[in-house]
Novice: 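Here you go, one structure.
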Amino acid sequence: MTDELDLLREANPVSADTGPWRDRPLNARAELLLRRLPSQDRGRRTVRRVVWSLEAAAAATVLALALTVSGTPSSAVAASRPVPLVAHVSRADVSLTEIVRRARAAAEESPGRSERGSHFQSWALSMKSGEDAVTLPRESLTRWNADGSGSTLEVATDPRHPGRPVIEDGPPPRTVHDGKVLSEERYPPGINGANESYFEDPPTGASALREYLAVWTPDADRDPAELLSAVGSFLTVWTPGPRQRADIATLLSGLEGLRPAGRVTDRLGREGQGFRFTGTPGGRYLIVLDPDDGRVLDIEETFTRDAPEYRVKAGDVMSYTAYIS
């Protein structure tokens with residue numbers, strides 16, 4: 001029996017250092033949700049949202065290194081909290097129905113395939129009770145090769161220059177401009193994303209994609225907030241092809257409570273069409289889509305209520321992700 005137990009322990013697939021279940025600190029949203037648990041009966045849904053919100057940032061590590069970027073003092077970091085994206089309503093607005101139609105047309109003209117790997121910038125608020133919030137900006141690039149080998153590069157960006165890409169997509173990828181390398185991993189042939197969530201190729205068709213996302217995010221097939229969370233997480237692992245872009249736009253068009261917000265210029269200077277969605281209590285999303293092909297450009301979450309304990313006001317940015325590719 002002892003030998004069998006030893007074999008089981010050695011075969012444990014859950015790593016504390018890598019993969020979707022790795023140990024890492026809570027971000028702002030997760031901390032707030034956890035503190036509300038004792039006073040609110042939110043059930044299993046809240047717990048799952050807390051777990052998945054951990055994907056936003058490895059807070060403590062990024063903070064410690066971000067303070068060293070280009071000699072940036074801590075005061076400059078604390079002062080660099082991003083301003084929420086602004087949406088402007090105009091006659092040039094494109095409806096989500098039209099965006100879905102354009103995305104479908106683009107997919108029919110050039111189906112393409114989704115590519116395993118992603119390139120994105122993200123920011124999340126890390127807070128301590130009674131202290132000013134500080135920023136944790138980062139940029140991440142993951143690429144996979146035909147033989148299943150791959151690499152991941154994560155960089156803390158200079159908070160004085162938010163939105164400016166700091167990683168040049170290789171091969172091999174290398175940092176540019178201002179940035180501090182947080183981690184750089186290389187994977188041998190044959191891994192092919194098996195160390196990540198969503199390791200199977202995504203299916204085509206909106207219904208099939210919804211079921212696929214629900215494997216990793218429970219209730220994504222029935223809860224709008226969970227579905228949006230799943231889409232954001234999926235986009236940090238895969239770069240969707242035209243068909244999956246159209247499927248994602250179709251799924252978003254079915255979100256109950258999603259409302260048009262207007263035209264948005266994101267932090268990378270890209271023009272997109274914004275849509276707002278109020279999910280869990282205390283947070284509201286702004287989803288920015290490319291109006292021509294339905295590609296998700298940004299997902300931003302802001303506070304909908306004041307949190308004096310953390311010196312946070314309604315409208316402050318809680319987190320954002322800008323998908324570069």
Side-chain angles (χ1 to χ4, degrees), residues 19-20 22 24-32 49-67 69 77 80-85 117-127 133-143 152-167 169 173 175 177-185 196-198 217 228-240 264 266-270 272 279 283-289 295-303 316-325:
R22 65 188 182 277
R24 64 267 204 208
L26 300 178
N27 66 3
R29 185 169 172 277
E31 290 180 7
L32 285 178
R49 298 282 293 170
V50 170
V51 172
W52 282 107
S53 68
L54 303 185
E55 296 290 342
T61 302
V62 178
L63 172 60
L65 292 175
L67 295 178
V69 174
V77 176
S80 61
R81 184 190 306 185
V83 176
L85 294 175
S118 62
H119 187 188
F120 62 92
Q121 288 189 347
S122 62
W123 182 94
L125 204 61
S126 177
M127 301 178 297
V134 294
T135 60
L136 305 171
R138 66 170 181 161
E139 184 172 334
S140 178
L141 173 67
T142 300
R143 288 291 180 256
T152 296
L153 177 62
E154 188 173 49
V155 174
T157 64
D158 188 337
R160 295 171 299 181
H161 305 290
R164 184 173 68 184
V166 299
I167 301 178
D169 197 351
T175 57
H177 305 303
D178 298 307
K180 178 73 174 181
V181 175
L182 300 177
S183 64
E184 186 170 7
E185 301 288 342
E196 298 183 310
S197 54
Y198 306 104
T217 305
L228 182 55
S229 175
V231 168
S233 179
F234 170 74
L235 293 174
T236 64
V237 179
W238 286 87
T239 300
V264 176
D266 76 358
R267 295 175 176 86
L268 298 176
R270 302 173 298 184
R284 180 167 56 189
Y285 291 95
L286 176 66
I287 302 97
V288 183
L289 304 180
R295 181 162 60 102
V296 178
L297 301 179
D298 308 87
I299 297 179
E300 176 187 82
E301 188 172 10
T302 54
F303 292 93
D316 286 350
V317 177
M318 185 185 301
S319 67
Y320 73 76
T321 304
Y323 303 97
I324 300 174
S325 64

Novice: Do the side-chain N and O atoms of Ser118 and Thr142 include a donor-acceptor pair separated by under 3.5 angstrom?
Specialist: no
Novice: State, to 0.1 Å, how close Ile167 and Leu141 come at their nearest heavy-atom pair, and which atoms those are.
Specialist: CG2-CD2, 3.6 Å
Novice: Just so I know, are the side chains of Pro240 and Arg295 near enough to count as touching, which here means a heavy-atom distance under 4.5 Å?
Specialist: no
Novice: Output the distance between atom CD (Glu301) and atom OG (Ser229), rounded to the nearest 0.5 Å.
Specialist: 9.0 Å
Novice: On a heavy-atom basis, which atom in Asp266 and which in Leu85 lie closest, and how many Å separate them?
Specialist: CA-CD2, 3.8 Å
Novice: State, with a plain yes or no, whether a side-chain heavy atom of Ile324 is found less than 4.5 Å away from one of Glu139.
Specialist: yes
Novice: When rounded to the nearest 0.5 angstrom, what is the spacing between OH in Tyr285 and CE in Met318?
Specialist: 8.0 Å
Novice: Restricting to non-hydrogen atoms, name the atom on Pro82 and the atom on Val317 that form the minimum distance, rounded to 0.1 Å.
Specialist: O-CG2, 3.6 Å
Novice: Ignoring hydrogens and angles, state whether a donor on the side chain of Thr302 or Arg284 is under 3.5 Å from an acceptor on the partner side chain.
Specialist: no
Novice: For Arg267 and Pro84, work out which heavy atoms get closest and say how close.
Specialist: NH2-CA, 4.1 Å
Novice: With side chains defined as the heavy atoms from C-beta onward, is the minimum distance between Thr236 and Tyr198 less than 4.5 Å?
Specialist: no
Novice: Let me confirm one number: the CZ-CG distance from Arg138 to Leu182, rounded to the nearest 0.5 Å.
Specialist: 8.5 Å
Novice: For the residue pair Thr239 and Gly117, what are the closest heavy atoms and their distance?
Specialist: OG1-O, 2.9 Å
Novice: Work out which heavy atom in Thr321 is nearest to a heavy atom in Phe120; give both atom names and the distance.
Specialist: CG2-CD1, 3.9 Å
Novice: Is it true that Asp169 and Arg143 have a side-chain N and a carboxylate O under 4.0 angstrom from each other?
Specialist: yes
Novice: Kindly compute the distance separating OG (Ser140) from NE2 (His119), expressed to the nearest 0.5 Å.
Specialist: 8.0 Å
Novice: State, with a plain yes or no, whether a side-chain heavy atom of Leu286 is found less than 4.5 Å away from one of Asp298.
Specialist: no
Novice: Calculate, to the nearest 0.5 Å, the distance between atoms OG and CG belonging to Ser233 and Leu228 respectively.
Specialist: 11.5 Å
